[in-house]
Amino acid sequence: MANSCLQLSGFVMSCIGWVGILIATATNDWVVTCKYGMNTCKKMDELGAKGLWAECVISTALYHCISLTQILDLPAYIQTSRALMITGSLLGLPAVGMVLTAMPCISLGDEPQSAKNKRSLLGGVLILLVALCGGVSTVWFPIGAHQDQGLMSFGFSLYAGWVGAAFCLLGGAMITCCSTEPSQHYNHHDNNRFYYSKGQGPCNPVPPSTNHAKSAHV
């Protein structure tokens with residue numbers, strides 16, 4: 001029962017984390033960039049928001065975005081973050097599907113429990129890979145943006161990526177730990193049993209008495 005509850009909790013956390021990764025991938029409010037102070041950048045219309053797919057200019061009466069379509073001209077941190085976030089988003093779908101079909105409340109015919117454990121283990125490993133992709137991207141991107149344009153603050157998309165990566169890490173770890181089969185040890189030592197007497201140590205098995213066999217022949 002406890003194992004099933006942990007597996008269910010890991011599945012719910014993994015789903016929430018995957019949604020966070022999807023939100024971070026689809027939105028562009030990753031970092032707010034500015035080379036000067038906040039008030040100076042607002043007056044000069046140089047306060048910007050940057051994401052994986054677009055770079056926006058934020059001012060009091062304007063919010064204009066320019067799509068980052070020049071793939072070959074983009075910095076390495078943007079290209080790598082794009083690839084990792086897309087990979088994590090795509091891996092989340094089969095991972096959630098595998099864990100869902102391996103839940104104790106779902107039965108696929110006469111499937112043995114060992115097959116469900118293997119599928120759940122594979123799904124947990126994929127969720128851990130999703131967490132790894134999201135974690136590397138959401139850490140590398142603000143570092144690269146700070147070196148490129150000057151980082152002012154973190155955006156909503158970056159927080160969503162951090163939360164998603166953390167939930168996927170915890171959920172994947174719980175699912176992986178719950179998917180291992182418990183080892184069972186059976187002791188077949190019926191012929192080597194020891195008998196204990198009160199106040200004495202172990203004694204060898206007492207051989208059966210032969211008096212009854214002798215009395216039968218009399």
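Everything quoted here is computed from the prediction, not taken from an experiment. Note: hydrogens, waters and symmetry copies are ignored here, and every other heavy atom, side chains too, is used.
- We find the CG-CG distance between Leu121 and Leu126 to be 10.0 Å, quoted to the nearest 0.5 Å.
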Requested in this report: Carefully, step by step, assess Thr27 and Ser157 under the rule side-chain hydrogen bond (donor to acceptor under 3.5 Å, both in side chains).
Outcome: CA-CA 6 Å; Thr27 53; Ser157 304; 2.4 Å; yes
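- A distance-only check finds a donor-acceptor pair linking the side chain of Thr101 to the backbone of Met98 [under 3.5 Å].
- Considering only heavy atoms from C-beta on, Arg82 stays 4.5 Å or farther from Thr25 through its side chain.
- The number of heavy-atom neighbours closer than 6.0 Å to CZ of Phe11, taken from other residues, nucleotides and ligands shown, is above 12.
- Gly124 approaches Val99 most closely through the heavy-atom pair N-CG2, 4.2 Å.
- Minimum interatomic distance between Val130 and Cys168 (heavy atoms only, all atoms of both residues): CG1-SG, 4.0 Å.
- Note that the CG atom of Leu93 and the CG atom of Leu22 stand 9.0 Å from one another [nearest 0.5 Å].
- Under the 4.5 Å side-chain heavy-atom criterion for Ile, Leu, Val, Met, Phe, Trp and Tyr, Val96 and Val125 are members of distinct hydrophobic clusters.
- Take Val136 and apply the side-chain contact (heavy atoms from CB on, under 4.5 Å) test, not counting sequence neighbours, and it matches Leu84, Leu132.
- At distances below 3.5 Å, at least one donor-acceptor pair connects side-chain atoms of Asn28 with backbone N or O atoms of Trp53.
- Using a 4.5 Å heavy-atom cutoff, the side chains of Met103 and Gln7 are in contact.
- Nearest heavy atoms, Ala131 versus Ala165: CB-O, 3.4 Å.
- Two residues are said to be in side-chain contact when any heavy atoms from C-beta on lie closer than 4.5 Å; Cys56 and Lys50 fail this criterion.
- Side-chain heavy atoms closer than 4.5 Å link hydrophobic residues (I, L, V, M, F, W, Y) into clusters, and following such links, even through other members, never connects Trp18 to Leu169.
- Ile23 has its side chain within reach of Phe156: a pair of non-hydrogen atoms, C-beta onward, lies under 4.5 Å apart.
- In the hydrophobic cluster analysis, where Ile, Leu, Val, Met, Phe, Trp and Tyr join through side-chain heavy atoms closer than 4.5 angstrom, Val19 is grouped apart from Tyr159.
- Contact between Asp29 and Ala49 at its shortest, heavy atoms only, is OD1-CB, 4.1 Å.
- Evaluation of the side-chain contact (heavy atoms from CB on, under 4.5 Å) rule for Leu90 yields Ile86 as partners, not counting sequence neighbours.
- When side chains are defined from C-beta on, Pro142 counts as touching Leu158, because their heavy atoms get closer than 4.5 Å.
- Once rounded to the nearest 0.5 Å, the distance linking OG of Ser14 with CG of Leu170 reads 9.0 Å.
- Here CG of Asp73 is found 11.0 Å from CG of Leu68. Values are rounded to the nearest 0.5 Å.
- Grouping the Ile, Leu, Val, Met, Phe, Trp and Tyr side chains by contacts below 4.5 angstrom, directly or via other members, places Trp162 with Ile21.
- Between the CH2 atom of Trp30 and the CZ atom of Phe141 there is a distance of 6.5 Å, given to the nearest 0.5 Å.
- A chain of hydrophobic side-chain contacts below 4.5 Å, direct or via other Ile, Leu, Val, Met, Phe, Trp or Tyr residues, connects Phe167 to Met174.
- Side-chain atoms of Gln79 come within 3.5 Å of backbone atoms of Ile71 as a donor-acceptor pair (strictly under, hydrogens ignored).
- In this structure, the side chain of Ser120 does not engage the main chain of Lys116 through any donor-acceptor pair within 3.5 Å.
- Side-chain atoms of Thr138 come within 3.5 Å of backbone atoms of Gly135 as a donor-acceptor pair (strictly under, hydrogens ignored).
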